[in-house]
> 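My structure is below; once you've seen it, I'll send some questions.
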Amino acid sequence: MSEPPLPRRTEVLRSHVRDAAAQLRDPGMEIDRDPTAIDRWLHLPAADLMRLSTIPVEYLDAPLRIDGHTYDMRSCLEHTVTIEELSYGDAGFMLACPGPLMSGVAVDALGDDKQRHAYYERLSRPEATWTFFGLTEPAKGSAATELETALTPDGDGFRLSGAKRYVGNAAFARLGVVFCRRAPGPLGIEAVLVDTRDPGFRAELIPTVGMRGARISAITLDGVRIEREQVLGYDTLRPSRRGLVGAIRTLQRFRPVLAGTALGLTRAVLDHVRRERPALTGTARGRLEDLRDRLEATRRQNYDIASAIDAGKVRSDRIAGVKTRAAELAERATLAAADLLGPASLLEDPWLGKLYRDARAFEFMEGTGHIQRLAVFQGVAKHTFLA
Amino acid sequence: MTTTDTTLPAPVIGWLEAFAGELDDCHEQAAPGGTVSSPAGWTIASAQRLPAGTPVPGTSGTLAAVRDAPPAGDPAARVFSDALVRLHWRLLRDVLDGAVSRLDGRTSEGAPLLGRQLVRGTVADVALALSETRDLLDLPRPTAGRRRRIHRDLVAAGRTALVLYGASSFAAEGPGRLLYAAELLGNTYLHTGEPEEGAGRE
Ligand SMILES: Cc1cc2nc3c(=O)[nH]c(=O)nc-3n(C[C@H](O)[C@H](O)[C@H](O)COP(=O)(O)OP(=O)(O)OC[C@H]3O[C@@H](n4cnc5c(N)ncnc54)[C@H](O)[C@@H]3O)c2cc1C
């Protein structure tokens, strides 16, 4: 398969990350068996890359420098390519890594300078720090604007009460962003920074069928004390520009990155089939070629969308479209792989078995296929989607 | 083979145990008192029926597998495969019913999610697949190829049904784990050895 073209510096980055990702299969299998096993693999270059790709340059001793290029992962394209390559190695490993990941993007979108500084200063310390992005609730998933976790005034601060569910890494995190309600309606939503050691915070791991590295967790918030300076943008943004705006911006910025995760896994499974069955012929070969074509086409589309975001053009219909295409392709490719690799392949080939279970996660992460389809429809109605 | 389980709440273990019991019934129908092995020599049954087996990944020790049994002879393999596809069908039917009642109780903008047209369309897609596969199962002169195609359709419809549960289908306590077991059983017993002609609907 030909590689989708990229700017020179991004190509240099891609091949650097690809080398680091080559070591991730064994750790990935181990994390699948025991999600806490990431602790034993933090010395790998891939874990360092996750750190370098999510912490701003000014907080790093040394930024990522390769062949004379310096990388600051504010670029959505470079972030997407990095995550796609790491996910080719193992998506679960990548998701289990410490660092800001999505919560950092929310802090960037909403936090004032002081909040941003305090957050990144904490994350730039040498010890591993996990974070979380807490939006989904037990009763409200897709309907995130109806979230019920309450931020109630208490003296000169607030108390936070409610529950969150399916939140990546929360059971292991030190810091996280929690979306909550200060007033009725979508504009009454706030985003607060929570220290998980504060009284009233509890989180536990939810066992899953696959993608165990995501370490999704259930959070209980029982009157957690929140000072005003923990409310993102409290002093600098009007209430209508806070909370929800941050959630939307974070998700828009992250969908190409998530699509990259699904596409990295898809490439991994298709390469696995080619390695295991180099002599496929006829219909079987045609199926594999078809899936490879779709993969390449979706990668190109994803890079275009990420580049457009870097150029300031955030097209929500196309972002939704590529996320859902990538998620569905990952599922199709793993189903086809189980068929092409023959009887009992799911029992005999643990790597295939893992990818097969992992691929189902993408449908739900950052919004379901139905919700993305509604956004695609909006784009069709406005004549932007296929323009 | 690796074990990939983490601890599960008690009710889910109950579901899995019931499923393992129904799988044993498939063996019983085909080989009373014994088990039926797949064309590639694998046998999967409940851990009670296969005490010497290795745990099957993703089934919390309720299912076990052993290798190197001689493949089952024709009548037993046929009876077993037929019972297995019917078990998958019943499971999917339950999963769809569960999705409908769950979505009826989950609200957005003051109305049940079941009222959303996209959701209704998805429910109908699964129901249509169930209706078609039931008719296919009832056709005379079943063949291994037909069973495999029915299994493929049930897998596709099962994935669609799981979407309706949101992330709860991905939690180990959700229905995703049971359908995964059915998918793995089909991959082991119903795969005829050749990649499927005309596939691509996966
Ligand atoms: C591996 C993994 C990691 C995750 N990580 C995080 C995380 O870090 N932080 C976080 O906050 N969340 C996270 N999530 C949760 C994810 O964002 C939610 O699962 C997702 O938003 C869907 O919500 P739900 O599961 O409650 O499904 P529901 O919203 O209950 O949906 C159920 C069904 O109804 C459909 N539906 C709902 N509303 C509509 C509508 N308006 N129109 C049409 N159909 C509709 C859905 O498409 C689905 O089919 C993660 C999930 C997974 C699986």
> When you compare the side chain of T368(A) with that of V163(B), does any pair of heavy atoms fall below 4.5 Å?
no

> Rounded to the nearest 0.5 Å, what's the gap from CD on E183(B) to CG on L346(A)? Could you check?
8.0 Å

> Between R159(B) and E363(A), is there a side-chain N and carboxylate O pair less than 4.0 Å apart?
no

> If you count heavy-atom pairs under 4.5 Å with chain B, which of A143(A), G141(A), G353(A), G210(A) comes out on top?
G210(A)

> Using only heavy-atom distances, determine whether the side chains of S169(B) and R360(A) contain a donor-acceptor pair under 3.5 Å.
yes

> Can you tell if the side chain of R148(B) reaches within under 4.5 Å of the side chain of D339(A), non-hydrogen atoms only?
yes

> Could you measure the distance from the CG atom of L184(B) to the CG atom of L347(A)? Nearest 0.5 Å is fine.
4.5 Å

> Drop me the distance from F170(B)'s CZ to D358(A)'s CG, to the nearest 0.5 angstrom.
6.5 Å

> Measure the spacing between CG of L162(B) and CZ of F364(A) and express it to the nearest 0.5 Å.
6.5 Å

> If you count heavy-atom pairs under 4.5 Å with chain A, which of A40(B), A167(B), A171(B) comes out on top?
A167(B)

> Is it the case that atom CZ in R202(A) sees more than 12 heavy atoms from other parts of the structure closer than 6.0 Å?
no

> Where on R116(B) is there a heavy atom nearer than 4.5 Å to chain A: the side chain, the backbone, both, or neither?
neither

> Has the side chain of N187(B) got a donor or acceptor atom that lies under 3.5 Å from a matching backbone atom of P343(A)?
no

> Roughly how far apart are L113(B) CG and H370(A) NE2, rounded to 0.5 Å?
10.5 Å

> What part of Y180(B) gets closer than 4.5 Å to chain A, counting heavy atoms only: side chain, backbone, both or neither?
side chain

> Return the option, out of V119(B), T122(B), V155(B), with the maximum number of heavy-atom pairs under 4.5 Å with chain A.
T122(B)

> Among all residues two or more places apart in sequence or in another chain, which pass the ring-ring contact (aromatic ring centres under 6.0 Å, His included) test with F93(A)?
none

> Taking the side chain as C-beta and beyond, is there a heavy-atom pair between E146(A) and S108(B) under 4.5 Å?
yes

> For L190(B), which atoms come within 4.5 Å of any heavy atom of chain A: side chain, backbone, both, or neither?
neither

> Could you look at R165(A) and say if it's the side chain, the backbone, both or neither that has a heavy atom under 4.5 Å from chain B?
side chain

> Counting only heavy atoms not in R93(B), do more than 12 sit closer than 6.0 Å to its CZ atom?
no

> Decide if atom CZ of R285(A) counts as having more than 12 heavy atoms of other residues, nucleotides or ligands within a radius under 6.0 Å.
no

> Sort M365(A) into side chain, backbone, both or neither according to what part of it lies under 4.5 angstrom from a heavy atom of chain B.
neither

> Are there over 12 heavy-atom neighbours, none belonging to D290(A), within less than 6.0 Å of that residue's CG?
yes

> So, taking the atom named OG1 in T145(A) and the one named CD in E109(B), what distance separates them when rounded to the nearest 0.5 Å?
7.0 Å

> Give, as side chain, backbone, both or neither, the part of K140(A) having an atom under 4.5 angstrom from any heavy atom of chain B.
both

